[in-house]
Structure formats: structure tokens, C-alpha cells
Amino acid sequence: MTRLPERIHRLEELAHDLWWSWNQDARNVFRRLDYPLWRLTAHNPVRMLKLVSAETLERAVADAPWLANYDRALARLDGARAAHNTWCKAQCPELDGRSIAYFSAEFALHQSIPIYAGGLGVLAGDHCKEASDLGVPLIGVGFMYPQGYFHQNISSDGWQEEVYEKLTWTDTAIAPAVMRDGKPCVTAVPLGSRTVLVAVWRVRVGRVKLYLLDTDLEENAPWDRELSARLYGGDREMRVQQEIILGIGGVRALRALGSDPAVYHLNEGHAAFVVLQRIRDLCEQGWQYEAALEEVRRTTVFTTHTPVAAGHDAFPFHLVETHLAGAWGDLGAYRERFLALGHYDNGGGAMFNMTALAMRTAGAVNGVSQLHGEVTKRMWQPLWPGTSLERLPIKSLTNGVHVPTWMSAEIAALLEKHVGPDWMDHHDDSAYCDRVLQIPDEELWEVRQALRAFLFTFIRERARQRWTAEGVAVARVVAAGTMFDHNALTIGFARRFTGYKRPELIFSDPDRLAGILNTPGRAVQILFAGKAHPADDVGKHHLQRIYRRAIDPKFGGRIAFVDDYDLHVAHFLVQGCDVWMNNPRKPMEASGTSGMKAAINGTPHMSIGDGWWAEGFTGDNGWLIEGHADPTDHGAQDWADAQAIYALIEQQLVPTFYDRDAHGIPRRWLRVVKEAIRTVLPRFSTRRMVKEYVRQMYGPALKQPVS
Ligand SMILES: *Cc1c(COP(=O)(O)O)cnc(C)c1O
């Protein structure tokens, strides 16, 4: 490693706090230090500092504007960590000195820490970042998966191959978590009749800390070392053990680190064993079981994320009993009563269901959009026999996206100039955001064109890299989007490849689609991206057929598949496409967030009225796909929705996008772009969302019961 000159010795510290990733000054510190390295490392400052040359550092020390930016970034970092005058200080003084533990099986903070698969992780990562910005004392707890989630490789026949890479610790912004005595934190978790040791890593996210559990310790048996090797890698048995480590190990790790959270937030059911350890702890302090359960319930909040039945983990009772054998302690006499809390029959026989456990032990439960809240009530009503839907303790709290993370610097600069230099402080204020309408069309169009160009440069460079370094077939170079037209209307579709998201819907009538794509002078092109779950062959077949369309001359090189969708790719896609498409089978999409990321960048959403779009569509901020058919007849619904998509593209998207004035500006199109930004920015940001969590979920949990 290059030694840092004294004047800039805090570069290392800045690189090791992910706060840098959503603060423009801090990003520019690294970006401007060595731009080729910034690109080469996919924006990873920790790696950059390992690779950067001494001459470059010396040059930086002599560069006054760069130094001024460096000083500004560090002053702001110190301010963020100190968290004086934050929203939370002013609005929720009851949180002062307390903390909220946020448990999640995945966190998507940055592409350099591959401990996420998709939307659930992005939500958790964005929640942490926003908590930092608002001064909410959150502590995240999750897993350090040394092999992470897989990288996606596409064979020359379009088949997804999964590549796992062991993380190089020294390339990432993580460090061992240390206890008060300065020793690294290692905690013991009972698993079956043995004990597994769990190491704890720490990630700094501004004022928020994230602790990550890791079983890859020499003291553990080889199979136990594998427990946290990969995200969603193993079978049922592996899974239940992982969830015991997360829930029970997580609570123990927090205790070892001296934290005593006031509220526990379970993000999805994976972490529900938290309640077991907490009830046990209280009982061992002398509480009665029922009182302990009540206390845990009062201080637990739970967010559920999917209406898809298979998305809720459920285990046969014998598996749970086997692996929890050592976890009971003083709770032994209440074993049956605890196990009954997870009892749920989904139609296929009674199982131990993690969502049921969480619902029965959380004082407040929420779904992630208005619609999903209602769907969740109907889905889980059997847990509260005799209670009407309106009286169920299930709320709707719609997801949002972290604006500084997802908005391009170029759009942010326009807002700063035309909305106000302090726009970021008010971005969840709808009236304030009305000023978006003041942005001049010319400037907005210039930025939109630039963002599309960045995307295509990114795609071309990736294809070049694959072709020259990995020697992939020429067909793959074409499929990657290298024939795309820089000025054509570009539709993006990127998400997990799975049945209910209907990735191939737009190919329902291939001839009609080919006609749309290839209209001279009014071309349309579609960019696909996304991974299929490693065990989901149906998803992989969807992907393969799309890949084959991409190399089918019939579509003129106007279909592309960008491989290895992750946070990095997502940034280019949501910012650079012209339209963001989503066509799930209603009501299976709980919320969806990629459409929000797109909209705040001026990429309007064209979607089924499912998830967040059911409440987000205003009539003029994007487009609603609405095929009229009997929803129980999937074939008919698919066909009707596909027809609706074609009609929208032909009658609205294409005419509006290609309608230019004498200066080449698409005025009508830009009206939709502005409406998308104006309406989505305030309502679908994590700023609004985290404030709601504090007021509606954490706040009530903090109140002491009147005795
Ligand atoms: C935002 C995001 C998601 C989730 O988006 P959906 O709209 O819910 O599909 C998934 N993966 C990545 C990499 C993302 O950035």
C-alpha cells in the first residue's frame, strides 16, 4: 500500500466510511484523484488507495482545488457523525441515547460489498443511509457472506452461469468489530448440540453502524464455516441454521458489543429468531414467560415484503427442533408454547413459518405499499381468528429510495440551480418540489441526452472488456447492446428473472414488436438485465429466450441483455434509459423500487398498477399498463397486458418522444419527465419513509406502557 502524505492522511478513513458513496464532495475526492482507477475499480476507494501511485498522491497534495474539496468532504463527514441538529434530535427526542436494531439478511450499500441479492437488500441499505442523514440511531445487523451473491456469466447459448468469488477483505470497507476492551468481537451461538463461533465485522455508514456476522472461523467445523459463505446458497437445513445464527447470534453480538437497543426492527421474517433470544434473556433476568413475550412484542416491529407464498420461509418442525436444541436455556419449559408461535398451515400441512412467528411477536407490522398492506391483511388474517380486516395490526408504509444514492449528479445539479441550493433539505416536501417545473427544457434535455450517452458508453466498454479480456463470442458482443442507437427511445427492464414478473411479456406478439422497434426514424430499443435465482430453472429459461431474441436479426439489434445486474449496473440503467418498464402479474409485486430510482432521474415509469405504482401514478407522470381481462385467466391477462403495452408505445411513447420543435427539443416528452421528478421525489424517497417508520413504528414502540 502507498503511504498517504500527512496532509491527506484521512483519505483512508474517508474510504472506510460508506458515507462517501452518497456525498458528492466525497465522491469527487476519489473520482478526481485518479479517474482511470476510479473506473477500473468500479468506484471502490479502498481498492483505489491500494493501487494509487505515490506520484498521484503528491500531485493531489499540490492541487489547491482538490485539497479544498478534500477538506470540505472531511468536515462534512465529521458533521454527519456528530449528528448535531438533525431531524431526529428535533423531532424524536425520546430516541436520544437509545438505538434501533435493524435486522436484515441482506444489505445493499455499495457494489464493493456483495451481501445483497436484490430489492430487499437495496431497501435495507437505503434505510441505513437515510437513518444516517436524519440522525436516527440505527444499528444494522446482517451477514458477512465471504462469497457474497453470485456474479452472472452468460454462456454463448444464453444460459446463466453462477460464479462465486471469495471477497478480498482488504479491498472492502469492513473491519473487525471490537468490544469495549478492544478485543475483536466473537460470539458463541448454540446450534443443535454444538456451539458455533461467530465473528462480527463492522461497516461504517455515516452515523449508522452495521454489524455483519461471519462463521468462517478456524475454530468452527468445515460445514459450520460454510454457513455464512453465500447468500441464499444452501438448502432448507442450511437456511434454518443461517437464520438461527442471524437471530440468536445477532442479539448476542449486540450484547457483547455493549448495545442495548430500545426497538428491534425485523426486515422480513429471516431474522425472527431474534425474539427467541430476547424472551430467553428476559426470563433469565427473572421475567415470567408471558410478560417477557409481551415486552418483546411491544418493542418489535416487523416489515413483510412479498405476497408470493414461496417467499416466506417455512421449515418442518423437526428441523427447527433439531437446530434449536441448544438455544432454550431457562426457556426450556416453554418450548412448545414458543414453537406454537411459528405454527402455520399454508395449505401443504403445518410448518414452522418465520413470517407467522414475526407477525405473532411484533407489536407493529407493515406491508411495503398501500396495496401490499391490504394484500398482506387478507393473506395473514388466519393468524388473528375472529378479527376483521380493518382491525388487524397491519399497516401500509410504502417503500422509498435514498435520493442522494440514486439521483445522478447531473439531475441533482439542475435541482440545485433551479429548485434551490437547499433542495436536498426539503426533498420530501411536495410543495417545494413543484419548483421542478421551473427547470428549462433545454437544460433538462441536455442532461437526459448525456445520461443516455453515459449508459451506452458503459455498455460498450463492458462489452469491449468481455470481448478482449475474456474472449466471448461476437454474438455476445451484439447481445450486450453494442448496436444500440444513441438517439433512439430506450426502454429499460431490469429485475430478478422470475415467473410473476413476466420478463417475456413484451414478446407476446413478436411481429408487432419487431415492427415497433424497427420503424425508420422512430426506432425503439429495449435493454434487459437481471439475475435468476440459482435454483430457478424457469427464470433461467426466460433469460435464455430473451438472450436469443437479442441476437435474432429480426429485432435489428434493438434488444439487449446487460449481464451481472448489481448496484453499479442499476445506477447506469435507471439514469440512462428513457422509460422504465414493469409488468408483474398483479398483485404479486409488493412495492418495487427501481421505478422510483428511474423516475427521480427523469426516466418515467410505464407499469402495471401494482406495488407502488398503484399509488404513484397520477395520470401524467408516466404510463399505466392496463389490459382488461379476467385476472384468473393468466393467458388472457398476459395477452391483454401485452396489447396494452404495444398500444402505449405506439400511441403515446413514440409520438411524444419523437415530437421535436425547431430546436430539436421534445417539449411534450419533457412535461412527463418533469412530472415524474416532481411527483415521485417527495413521496417515494426514504426521507419520507424513514420519518414514517420513526413516527408510526419506532415511536409507539418506545413509549413505556402505563402501569
Ligand atoms: C433497486 C434494485 C432492485 C429492486 O428493484 P425492483 O424494482 O424491486 O425490482 C434489485 N436489484 C438491484 C441491483 C437494484 O438496484
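Predicted, not measured: the structure shown is a model, and the values here were computed from it. Just follow the structure's listing: the first ligand is 1, and inside any ligand the first atom is 1. Side chains are part of it too, since the values below use all heavy atoms of this structure and drop only hydrogens, waters and symmetry mates.
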Residues forming a salt bridge (charged side-chain N to carboxylate O under 4.0 Å, His left out) with Arg683, sequence neighbours excluded: none
Distance-only side-chain donor-acceptor flag, Asn366 / Thr303, under 3.5 Å: yes
Sub-3.5 Å pairs, protein N or O with ligand 1 N or O:
residue  : atom   : partner : partner atom : Å
ligand 1 : 7 (O)  : Thr593  : N            : 3.2
ligand 1 : 7 (O)  : Ser594  : N            : 2.9
ligand 1 : 7 (O)  : Ser594  : OG           : 2.5
ligand 1 : 8 (O)  : Thr593  : N            : 3.4
ligand 1 : 15 (O) : Lys597  : NZ           : 2.6

Selection residues 107-116 - residue pairs positive for side-chain hydrogen bond (donor to acceptor under 3.5 Å, both in side chains), sequence neighbours left out: His110-Ser112, Gln111-His568
With Arg230 as the cation and Tyr149 as the aromatic partner, state whether NZ or CZ is under 6.0 Å from the six-membered ring centre and within 45° of the axis. no
Could Arg495 and Phe493 be counted as a cation-pi pair, given that NZ or CZ must be under 6.0 Å from the ring centre and within 45° of the axis? yes
Sorted by chain and number, sequence neighbours left out, salt bridge (charged side-chain N to carboxylate O under 4.0 Å, His left out) with Lys691 holds for Asp428
